[in-house]
Amino acid sequence: MSSYFTDLAQQYIDGEWRPGTGSWDIIDFNPYDNEKLASITIATVDEVDAAYRAAERAQKQWAATNPYARRAVFEKVLRLVEDREAEISEAIVAELGGTRLKAAFELHLAKEFLREAVHLSLAPEGRIVPSPVDGKENRVYRVPVGVVGVISPFNFPLLLSLKSVAPALALGNGVVLKPHQNTPVVGGTLIAKLFEDAGLPGGLLNVVVTDIAEIGDAFLEHPVPKVISFTGSDTVGRHVATLCAAHFKRSVLELGGNSALVVLDDADVDYAVDAAVFSRYVHQGQVCMAANRVLVDRSVADEFTEKFVAKVKTLKAGDPRDPSTVIGPVINSSQADAIAGVVEQALAEGATALVRGTTTDNLVEPSVLTGLPADSALLRQEVFGPVAFLVPFDGEEEAVRLVNDTPYGLSGAVHTGNIERGVDFAKRIDTGMFHVNDGTVHDEPIVPFGGEKQSGNGRLNGDTMLDAFTTQKWISVQHGRSAFPF
């Protein structure tokens, strides 16, 4: 496996694998055992420029390529992912600390989104729009934006890189991808290798492994990209949005969340427990849609809490290579320290730990906390780790108020014995996505994915990819003669 990472530990610019020319290296570690997987010399501002210029040069011919021919590339990438599924799964386990279950989950979604990219190649359609002017024909064309810059996160790097890279390419654009420093291979160079082997023309997809300490805002401010697709924290997202606006770029922002899973008084408690435990603890809670808060009607709170705590205690934490492991390591020591700090702060504020996991290096065991003061800032922020806050409520009105009492609005779920009651509840929540009688963590290729408030701007998936990665152009044709006033 280490040679696998070493082979991909380079920059990929203009169809060539090359070392970076920066003055320092990004070290790619396995977060579970701290094994060094690879060392990558970072890309400089000059290499970012070279990547964008390569994408700009290659994009014109790619946009003019028959979309059926473009489609064939994505069909080949999909076959390559299927053929290499075992080694990609091992890479996810090694680089992310993802469990076997998590690797299978991410690969399944990655393949689904590649299948959608195959169809997306043929999706752009033009329109003929009526004109009030006699003899005039108005044509509205759907055309690529040109070049897209993609910045992906560490938690689902394969999926969340492909989710922007594949549609942008399918729609006729060039792409420069900057993966997260902790996942440069799975989130970056692995994807470049797949597309290279699938026959994507050189220059169309470029991967730069670098750090803002080296390049500053060059990736965002470069004149070539017309769209920046960013997935990450709301703090960085605000900076991305500000710079994009200043440079007249479009930004697509998929940011953090503080989702709630709500258990109403008529819910199936056992099922709600299963949904809540998965929604909070999948991939160690390092999921933007994770259920940070579990809100339970007081009439069923005792039963739910007892069963929730019992199930959490069964979750095995340890080596992600072990198929029985449910909780692997978090991505790095700063995240582990931050999660431990959240638990300490909650206890200092008066919360009670029903389960208090220990932290060993990057391995953070699950915690369950209750009794947090209603005005605690912890209930309004994203906690990117295996810590659940149980919050009782009295009646539906209070539940709606509590769910909405956060600056985020990404996902959520409600459990009830009455589906239409659940739908009515969902309509009152200020989120981009909400689920009735299910978990909070979902993503599907053709539904609009995105958040409200500080959880982002814009949507991805399905038809919304057209809005994200194409633009509209009006071309009019005067078949007769216009009359001019002078």
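Side-chain atoms are counted along with the backbone in the values below, which use heavy atoms only and exclude waters and symmetry mates.
- Side-chain atoms of Asn30 and Lys36, non-hydrogen and from C-beta on, never get closer than 4.5 Å to each other.
- When side chains are defined from C-beta on, Met433 counts as touching Phe449, because their heavy atoms get closer than 4.5 Å.
- With values rounded to the nearest 0.5 angstrom, Lys163 atom NZ is found 12.5 Å from Ser152 atom OG.
- Separation of the Phe113 and Phe74 ring centroids does not fall under the 6.0 Å cut-off.
- Side-chain contact, Thr325 with Asp319: no donor N or O sits under 3.5 Å from an acceptor N or O.
- Within the 4.5 Å cutoff, side-chain heavy atoms of Arg57 are placed close to those of Asp14.
- Side chains of Lys316 and Ser324: a donor-acceptor N/O pair is present below 3.5 angstrom, by distance only.
- Ion pairing between a basic and an acidic side chain is recognised when a charged N comes within 4.0 Å of a carboxylate O; Glu82 and Arg115 show such pairing.
- In this structure the side chain of Ile151 never reaches within 4.5 angstrom of the side chain of Thr231, judged on heavy atoms.
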query: Which is it for Glu106 and Arg100 under the salt bridge (Lys or Arg N to Asp or Glu O under 4.0 Å) test, yes or no, and what are the steps along the way?
result: CA-CA 10 Å; Glu106 182 165 9; Arg100 299 288 181 191; over 6 Å; no
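- Side-chain atoms of Asp430 and Lys453, non-hydrogen and from C-beta on, do get closer than 4.5 Å to each other.
- Residues satisfying the ring-ring contact (aromatic ring centres under 6.0 Å, His included) test with Tyr52, not counting sequence neighbours, are Phe219, His222.
- At a cut-off of 3.5 Å, with distance as the only test, a side-chain donor of His239 or Asp217 sits close to an acceptor on the other residue.
- A donor-acceptor contact closer than 3.5 angstrom links the side chains of Arg280 and Asn292.
- Using modelled atom types, one finds no donor on one side chain facing an acceptor on the other under 3.5 Å when comparing Ser476 with Asn138.
- At least one donor-acceptor pair closer than 3.5 Å links the side chain of Ser376 to the backbone N or O of Leu378.
- No side-chain donor-acceptor contact under 3.5 Å links Thr44 and Asp46.
- Contact of the Ser333 side chain with the Asn362 side chain is registered, since non-hydrogen atoms from C-beta on lie closer than 4.5 Å.
- Here the side chains of Phe154 and Gln181 are not in contact, with every heavy-atom distance at 4.5 Å or above.
- Between Asp197 and Arg84 there is a salt bridge, since a side-chain N of the basic residue sits under 4.0 Å from a carboxylate O of the acidic one.
- Checked by atom type, the side-chain pair Thr440/Ser259 shows no donor-acceptor distance below 3.5 Å.
- Between the side chain of Gln11 and the backbone N or O of Val209, at least one donor-acceptor pair lies under 3.5 Å.
- Ser89 places a side-chain heavy atom less than 4.5 Å from the side chain of Leu107.
- With rounding to the nearest 0.5 angstrom, the CG atom of Leu177 is 6.0 Å from the CD1 atom of Ile191.
- The side-chain contact (heavy atoms from CB on, under 4.5 Å) test with Arg127 is passed by exactly one of Arg142, Arg139, Gln472: Gln472.
- No cation-pi contact links Lys76 to Phe195, judged by a cut-off of 6.0 Å to the six-membered ring centre and 45° from its axis.
- Between Glu382 and Asn258, the side chains place no donor N or O within less than 3.5 Å of an acceptor N or O (distance only, hydrogens not considered).
- Side-chain atoms of Asp443 and Asn461 include a donor-acceptor pair closer than 3.5 Å.
- Between Phe156 and His283, the ring center distance clears the sub-6.0 Å criterion.
- Under the 3.5 Å distance criterion, the side-chain polar atoms of Asn173 are left unmatched by any main-chain donor or acceptor of Val148.
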